[in-house]
Structures are given as structure tokens and as C-alpha cells.
Amino acid sequence: MFDLLFLGTGASAPSKTRALPCVAVRRGSDIVLFDCGEGTQRQIMTSPVSFMKVRAIFITHLHGDHFYGLPGLLQTMGMYGRTEGLSVYGPEGFTRSLQVCLDACEGTIPYELTMKDMSPGETVDVKDLSVSAFATVHGIPSQGYVIREPDVRGRIDVEKAESLGISGKDFRVLEQGGEVNGVLLSDIASKPVKGASVAYTGDTTRCATLDEAVKDVDVLIHESTYMDSEKALADEHYHSTARSAAETARDAGVKALILIHVSNRYKDREVVRKEAIEVFRNTYAPEDFTYYRMVQNGVKLL
């Protein structure tokens, strides 16, 4: 299961209480960041996690409130002595834009930095995790991501295996997908346990590619820039409302919906959440530094 730390939950411009979008997904000691708004490095320093444990960073689009914090974070990692390589990903134009920023800053990156434009439908591995990109609609090249744990193999019934003549090195053959004496792993093991999954939308209006990508994920982290009373503004700027996000969560069959990228016009997050829970009950609207742990039926506060 994953832990989810919300380092920035605001939209467009920071406020006194909300930083710009950044979500840290942690599993064990490994952290994957989604988006990197201005000020992310300070948010991380104030949080209970270390940027030295970040293994990869995924940017949804190149609007400043999602991207401006990345060059500074990369350089600060180097200044603090990072030597482990780091991979950073984003949509079309990401690599060129980041390289221009780094060149203009004239800072050095003393570790191996891999930059890659990632296309919707593409999947990359971060250790044993997989991260897949899906297309979103925001008026410029943009995409969301789904991060997944590997499935956990079912428990082997040793007595049944022995009764079918399976022993010793046979188990390795079966675990690698092979067959021994007509026996498959599924014949002697319980069903695999599905690994945890989290979807992060970035900025988007509702679209078919979003609906398809988030179907049956465990937790959906969805932008909620506007409330439904300002749906016309949301449509004009290719954003979502709290109600629209909740409808997506309901239709996708997720376990929990978490609303972020909330406009500064809404001082009370509970008002935003209440609009969503009219459609999807298990909805959360975190403040900066809210830390959740995924559980069987959704999330709980840490």
C-alpha cells in the first residue's frame, strides 16, 4: 500500500496557507512525486519526508504552478549531496523546457539526471512500481498518471503441490510462468492479491481518456479548481468542478476521491468537499501537509 503526502494543494498561485500542486506517493522508503509547483523544495523540507528518497518525478503539464519548482528542487538535491540518479518525466515539450531552465540557471547537477518526454499510453518502471500516462484535456499538452504496485502472488498450498509431484526447483519454474507435469502455478496457489493503485489527474476537464484510465483504481486524486456554480469558468479554462470529479470517481468505481488544486476563492475546503459527497461519499479535501495511508476501503489520516 502507498502513503500519500499532499505537499501543495492550491491552484494557479500560492496563498498564505496553500502551496502549489505536488503530491508525494511513498512506498517504504521510496518516493515518487507528481507535479512540482513553485516552492516544492521548501514544502518537502518542512514535511516528514526527504527529497533524497525521491526516485522519480512526473509532471502533468508545463503551466508554471505545476512545473516552476522542478529546476530549483533538482539543483538543491545536488547542493545537499545527492549522488543517486533521478528520472524526471513530462508531456510533449517537457525535456526541452526543463533543459532551457537548467541552462539559464547555470547550475550543475552532480548526479545522473534522465529527462524524458512521455506519451499517453506509455508506461515506465520505478523500481518495482509502474507508472502509466493517460491523455487529459487542458488546452495544452497534458496528461495524468496511474501508479501501481505489482500484484502479490497467492499463497502456495504445499500439500497440494506435493500431491501433484511438485517439489524443489519445480516451484521456481512455476513462478516464472512455466508448467511442470501439466501443473501451473494457479493450480496450487490462491488468487493473487491485486497491488494498490493511485491515479493523479493534473489539470483537466472530464474526458473519455480520463474515465478509461482511472477505472477501478483504488484512490483518485483529482483536480477541483471550481465548484459547480462556476462550471462555465471551468469549461472555459479546461478545468474540473468538485461535482464533475465526484461523478468521475463514482463512475470509475474507485474507493476514495481526493480533491486538490482548489481555487483560492474557496477559503473553506469543507464547502468544496460537501459538493462532491452529494455524488461520491468517500471524498476528502486535504490541506497542505495532510498525510494519508491507503487502507482496504480507501485512506486514513496519519
Side-chain angles (χ1 to χ4, degrees), residues 1-11 17-18 21-27 34-35 60 134 136-137 144-149 193-235 238-302:
M1 290 289 187
F2 295 113
D3 294 340
L4 309 173
L5 174 60
F6 290 82
L7 294 163
T9 60
T17 57
R18 300 177 193 169
C22 181
V23 178
V25 177
R26 184 174 72 87
R27 181 170 174 266
F34 292 96
D35 279 335
T60 58
F134 60 90
T136 56
V137 176
Y145 299 98
V146 178
I147 183 169
R148 299 181 187 275
E149 287 183 317
V193 177
K194 188 177 180 181
S197 56
V198 177
Y200 175 77
T201 67
D203 291 357
T204 185
T205 189
R206 189 170 184 180
C207 55
T209 50
L210 165 62
D211 289 350
E212 180 63 27
V214 305
K215 187 175 178 58
D216 295 327
V217 299
D218 294 313
V219 175
L220 173 58
I221 303 170
H222 201 300
E223 73 116 310
S224 179
T225 309
Y226 296 99
M227 295 182 66
D228 212 50
S229 59
E230 296 183 285
K231 188 177 185 304
L233 269 179
D235 291 343
Y238 301 100
H239 278 295
S240 295
T241 66
R243 181 174 295 277
S244 174
E247 290 169 347
T248 297
R250 177 198 63 197
D251 296 346
V254 306
K255 295 177 181 176
L257 169 65
I258 302 177
L259 303 176
I260 68 165
H261 201 272
V262 177
S263 170
N264 289 331
R265 72 189 67 207
Y266 307 119
K267 305 303 180 184
D268 183 1
R269 291 290 176 92
E270 188 61 16
V271 173
V272 178
R273 190 182 77 89
K274 283 180 177 178
E275 176 172 284
I277 64 174
E278 292 176 2
V279 176
F280 186 81
R281 189 71 185 172
N282 200 19
T283 297
Y284 303 80
E287 302 291 341
D288 286 11
F289 300 113
T290 301
Y291 208 174
Y292 297 114
R293 172 157 294 163
M294 289 180 62
V295 293
Q296 186 173 3
N297 296 319
V299 296
K300 68 175 183 178
L301 277 171
L302 284 177

Asker: If I take atom NE2 from residue H261 and atom OG from residue S240, how far apart are they, to the nearest 0.5 angstrom?
Answerer: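 It comes to 10.5 Å.
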Asker: With rounding to the nearest 0.5 Å, note down the distance linking CG in D35 to OG1 in T201.
Answerer: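 OG1 of T201 is found 9.0 Å from CG of D35.
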Asker: Find the distance between NE2 (H222) and CG (L259) and round it off to the nearest 0.5 Å.
Answerer: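 Going from the NE2 atom of H222 to the CG atom of L259 covers 8.5 Å.
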Asker: Work out which heavy atom in F34 is nearest to a heavy atom in Y200; give both atom names and the distance.
Answerer: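 Here F34 and Y200 meet closest at CB-CD2, 3.7 Å.
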Asker: Do D235 and K231 sit within salt-bridge range, that is, some charged N less than 4.0 Å from a carboxylate O?
Answerer: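 The answer is yes: the pair qualifies as a salt bridge.
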Asker: CD of Q296: more than 12 outside heavy atoms within 6.0 angstrom?
Answerer: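 Atom CD in Q296 is not crowded, with 12 or fewer foreign heavy atoms closer than 6.0 Å.
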Asker: What I want to find out is whether D3 reaches R293 closely enough, with some N-O distance under 4.0 Å, to be called a salt bridge.
Answerer: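 Counted as a salt bridge, because a side-chain N and a carboxylate O are separated by less than 4.0 Å.
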Asker: With a 4.0 Å cut-off, would you call R250 and E247 a salt bridge?
Answerer: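 E247 and R250: not salt-bridged.
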Asker: Taking the side chain as every heavy atom from C-beta outward, state whether D211 and T248 have any pair of such atoms under 4.5 Å apart.
Answerer: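 Side-chain contact under 4.5 Å: yes.
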Asker: Going by ring-ring contact (aromatic ring centres under 6.0 Å, His included), name the pairs with one or both residues in residues 270-290, residues two or more places apart or in two chains.
Answerer: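 Sorted result for residues 270-290: Y284-Y292.
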Asker: Do you know the tightest heavy-atom contact between K255 and N282?
Answerer: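 It is O-ND2, 2.6 Å.
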Asker: Would you call D251 and R206 a salt bridge, using N to O less than 4.0 angstrom?
Answerer: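 Salt bridge between D251 and R206, a charged N being under 4.0 Å from a carboxylate O: yes.
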Asker: Which heavy atom in C207 sits nearest to a heavy atom in V137, and how many Å separate them?
Answerer: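 In terms of heavy atoms, the two residues are closest at CB-CG2, 3.8 Å.
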Asker: Could you tell me whether a side-chain N or O of R18 sits under 3.5 Å from a main-chain N or O of S263, the two making a donor and an acceptor?
Answerer: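 Answer holds: yes.
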Asker: I want to check something: taking the side chain as every heavy atom from C-beta on, are T136 and Y238 in contact at a cut-off of under 4.5 Å?
Answerer: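 No, every pair of side-chain atoms sits at 4.5 Å or beyond.
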Asker: Would a distance-only check, ignoring hydrogens and angles, find a side-chain to backbone donor-acceptor pair under 3.5 Å from R148 to G195?
Answerer: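 No; judged by distance alone, with no hydrogens or angles, the pair does not exist.
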Asker: Evaluate whether atom CD of E287 has more than 12 neighbouring non-hydrogen atoms of other residues, nucleotides or ligands under 6.0 angstrom away.
Answerer: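 Counting other residues, nucleotides and ligands, CD of E287 exceeds 12 neighbours.
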Asker: Heavy atoms only: give me the nearest A234-T241 pair and the separation to one decimal.
Answerer: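 Nearest pair, atom of A234 first, then T241: CB-CG2, 3.9 Å.
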Asker: Please give me the minimum heavy-atom distance between M1 and R27, naming the atom from each residue.
Answerer: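 What the structure gives for the nearest pair is O-CG, 4.1 Å.
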Asker: Nearest 0.5 Å, please: how far is OG1 in T225 from NE2 in H239?
Answerer: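 The distance works out to 4.0 Å.
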Asker: So, does S197 use its side chain to make a donor-acceptor pair with the main chain of D218 at under 3.5 Å?
Answerer: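 Yes; judged by distance alone, with no hydrogens or angles, the pair exists.
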Asker: Can you measure from CD1 (I277) to OG1 (T283) and round to the nearest 0.5 angstrom?
Answerer: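 Taking CD1 in I277 and OG1 in T283, the distance rounds to 7.0 Å.
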Asker: How many angstroms lie between atom CG of L7 and atom CG of D288, to the nearest 0.5 angstrom?
Answerer: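 L7 CG to D288 CG: 8.0 Å, rounded to 0.5 Å.
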Asker: Determine, stepwise, if the pair E230 / Y266 fulfils side chain to side chain contact (heavy atoms under 4.5 Å, CB included).
Answerer: CA-CA 12 Å; E230 296 183 285; Y266 307 119; 2.5 Å; yes
Asker: Restricting to non-hydrogen atoms, name the atom on E149 and the atom on F2 that form the minimum distance, rounded to 0.1 Å.
Answerer: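 Residues E149 and F2, closest heavy atoms: CG-CZ, 3.5 Å.
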Asker: Would the distance check show the side chain of E223 and the main-chain N or O of T204 forming a donor-acceptor pair, the cut-off being under 3.5 Å?
Answerer: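 A pair under 3.5 Å: yes.
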